[in-house]
Amino acid sequence: MATKRFDGRKILLTGGATGVGNVLMKMLIEEGGRVVVGDIEPSVVEISSAAGALGVVSDVSTPAGTQKLFDEAVDYFGNPDILISNAGFIVPKPILETSDEEWDRVMGINAKALFMLSRLVIPGMLEKGSGAIVATASISGMVGLASQAAYCAAKGAIVQLVKQLAVEYAAQNIRVNAVGPGAIATPFLDRYIDAQPDPSATAAAVKAAHPMNRWAEPEEVAKAIAYLASDDASFVNGHVLMVDGGYVAQ
Ligand SMILES: NC(=O)c1ccc[n+]([C@@H]2O[C@H](COP(=O)([O-])OP(=O)(O)OC[C@H]3O[C@@H](n4cnc5c(N)ncnc54)[C@H](O)[C@@H]3O)[C@@H](O)[C@H]2O)c1
């Protein structure tokens, strides 16, 4: 039987109850991976178990949440070979309407989670002499977008932490990369569009802002994450792979 890309790999994935992470979880299992999924949604337990993964209810914006997720993953399969920090959250507001709490929440779920989870998984990767970390950034981490003050800052922080970690641990064979999606057809985008005064006009405008005049299917982003996490990307390090239909090329 042909070897699968993730045969025997222990993968810690966040944000797998819905959207990109959910599609990715199934893809990784299909390709032989053992997966632990952390998500704040209690449904993650059943969803993961049905797919053959372990779901852990955890808030990745908190030290207690990331520690719980890591501890349960270690109990389940040992130290992860691969970390995919994919959980994300947006408060679509300009800075003047953003509260301290909203700023902290957005920074916590997107950026601080990558910091805390990396700090937990890297010691085991150093011991093993290899590892891969992939974070989900965004076009919002590469360009400024109106009404996304905290989110742009958080995704920008992810991009820089990814580059920093890539350089720090390159010699120890730990690769660190990110994907930078444009709009993706997930509950995240539905919520964003439904919150606008004219949702159908917003939907058309979001599509038109992408040169391919559409948004991504979650599979298109999941495939890019799987590539970066796999040995197919064995010399790809510190890279932000844009999956944005040409958005930031404009
Ligand atoms: N959908 C888009 O248009 C879009 C565009 C660019 C980037 N992204 C990014 O893609 C990633 C995946 O998002 P998606 O589109 O699949 O959205 P989604 O809302 O469908 O999935 C995000 C998942 O993260 C989980 N989550 C949220 N807060 C959490 C917390 N505190 N702790 C643990 N889990 C938490 C949610 O429950 C959900 O399962 C996110 O990082 C998001 O920022 C999305």
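Throughout, residue positions are numbered sequentially from 1 according to the sequence presented. Quick note: numbers below take in every heavy atom, side chains included, and nothing from hydrogens, waters or symmetry partners. Atoms within a ligand are numbered from 1 in the order they appear, just like the ligands themselves.
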TODO: Please determine if Asp231 and Arg5 form a salt bridge, counting it only when a charged side-chain N lies under 4.0 Å from a carboxylate O.
DONE: no
Task: Closest protein heavy atom to atom 14 (P) of ligand 1, given as residue, atom name and distance to 0.1 Å - done: Thr186 OG1, 3.5 Å
Task: Interfacing atoms of ligand 1 (cut-off 4.0 Å, heavy-atom, Ser58) - done: 32 (N), 33 (C)
Open item on the list: Is there a polar contact between ligand 1 and Ser61, counting only N or O atoms under 3.5 Å apart?
Closed with: no
Task: Shortest protein contact, atom 3 (O) of ligand 1 (heavy atom only) - done: Ile184 N, 2.9 Å
Open item on the list: Can you report which non-hydrogen protein atom sits closest to atom 16 (O) of ligand 1, along with the distance?
Closed with: Val20 N, 2.8 Å
TODO: State plainly whether the residues Glu220 and Arg214 are in salt-bridge range, i.e. N to O under 4.0 Å.
DONE: yes
Open item on the list: Which of the numbered atoms in ligand 1 are under 4.0 angstrom from any heavy atom belonging to Asp59?
Closed with: 30 (C), 31 (N), 32 (N)
- [ ] Describe, in one word, how the ring planes of Tyr151 and Phe188 are oriented to each other, choosing from parallel (under 30°), tilted (30 to 60°) and perpendicular (over 60°).
- [x] tilted
- [ ] Keeping the roles fixed (side chain from Thr62, backbone from Asp59), state whether a donor-acceptor pair exists under 3.5 Å.
- [x] yes
- [ ] Would you mind checking which non-hydrogen protein atom is closest to atom 8 (N) of ligand 1, with the distance to 0.1 Å?
- [x] Tyr151 OH, 3.5 Å
Open item on the list: If only side-chain N and O atoms count, and only distance matters, is there a donor-acceptor pair under 3.5 Å linking Asn110 with Lys155?
Closed with: yes
Task: Close approach of Pro218 to ligand 1, heavy atoms, under 4.0 angstrom - done: no
Open item on the list: To check you understand the geometry: which heavy-atom pair defines the closest contact between Val121 and Pro80, and what is its length?
Closed with: CG1-CG, 3.9 Å
TODO: Check each atom of ligand 1 against the heavy atoms of Ala183 and keep those under 4.0 Å away; list them by number with element.
DONE: 3 (O)
TODO: Would you mind checking which non-hydrogen protein atom is closest to atom 29 (C) of ligand 1, with the distance to 0.1 Å?
DONE: Ile40 CG2, 3.7 Å
TODO: Would you give the length of the straight line joining atom OG of Ser230 to atom NZ of Lys4, rounded to the nearest 0.5 angstrom?
DONE: 15.0 Å
Task: For Arg105, the ligand 1 atoms whose distance to one of its heavy atoms is below 4.0 Å - done: 31 (N)
Task: Sidechain-backbone polar pair: Arg175 side chain, Leu228 backbone, donor-acceptor under 3.5 Å - done: yes
Open item on the list: Within ligand 1, which atoms have a heavy atom of Ser138 less than 4.0 Å away?
Closed with: 6 (C), 7 (C)
Task: ligand 1 contact by Ala137, heavy-atom criterion under 4.0 angstrom - done: yes
- [ ] For ligand 1, note which part of Asn22 has a heavy atom under 4.0 Å away: side chain, backbone, both or neither.
- [x] neither
- [ ] Give a yes or no answer on whether the side chain of Arg9 reaches the backbone of Gly32 with a donor-acceptor pair at less than 3.5 Å.
- [x] no
Task: Side-chain donor/acceptor of Gln196 to backbone N/O of Tyr192, under 3.5 Å - done: yes
Task: Backbone of Lys10 reached by a side-chain donor or acceptor of Asp81 within 3.5 Å - done: yes
Open item on the list: For atom 38 (C) of ligand 1, what's the nearest protein heavy-atom neighbour? Residue, atom name and distance, please.
Closed with: Thr18 OG1, 3.4 Å
Task: Salt-bridge contact Arg105-Asp100 (side-chain N to carboxylate O under 4.0 Å) - done: no
Open item on the list: Under 4.0 Å from a heavy atom of Gly19: which atoms of ligand 1 are those, numbered in the order shown and with their elements?
Closed with: 16 (O), 20 (O)
Open item on the list: Can you report which non-hydrogen protein atom sits closest to atom 17 (O) of ligand 1, along with the distance?
Closed with: Phe188 CB, 3.0 Å
Task: Polar atom proximity, Ile109 to ligand 1 (N or O, under 3.5 Å) - done: no
Open item on the list: Using a 4.0 Å cut-off to any heavy atom of Gly88, which atoms of ligand 1 qualify?
Closed with: 24 (O), 27 (C), 40 (C), 41 (O), 43 (O)
- [ ] Consider ligand 1: state whether an atom of it lies below 4.0 angstrom from any non-hydrogen atom of Gly182.
- [x] yes
- [ ] For atom 37 (O) of ligand 1, grab the closest protein heavy atom and report residue, atom and distance to one decimal in Å.
- [x] Asp39 OD1, 2.6 Å
Task: Any side-chain donor near an acceptor of the partner, Glu168 and Gln164, under 3.5 Å - done: yes
Open item on the list: Only heavy atoms of Glu41, strictly under 4.0 Å: list the atoms of ligand 1 that pass.
Closed with: 37 (O)
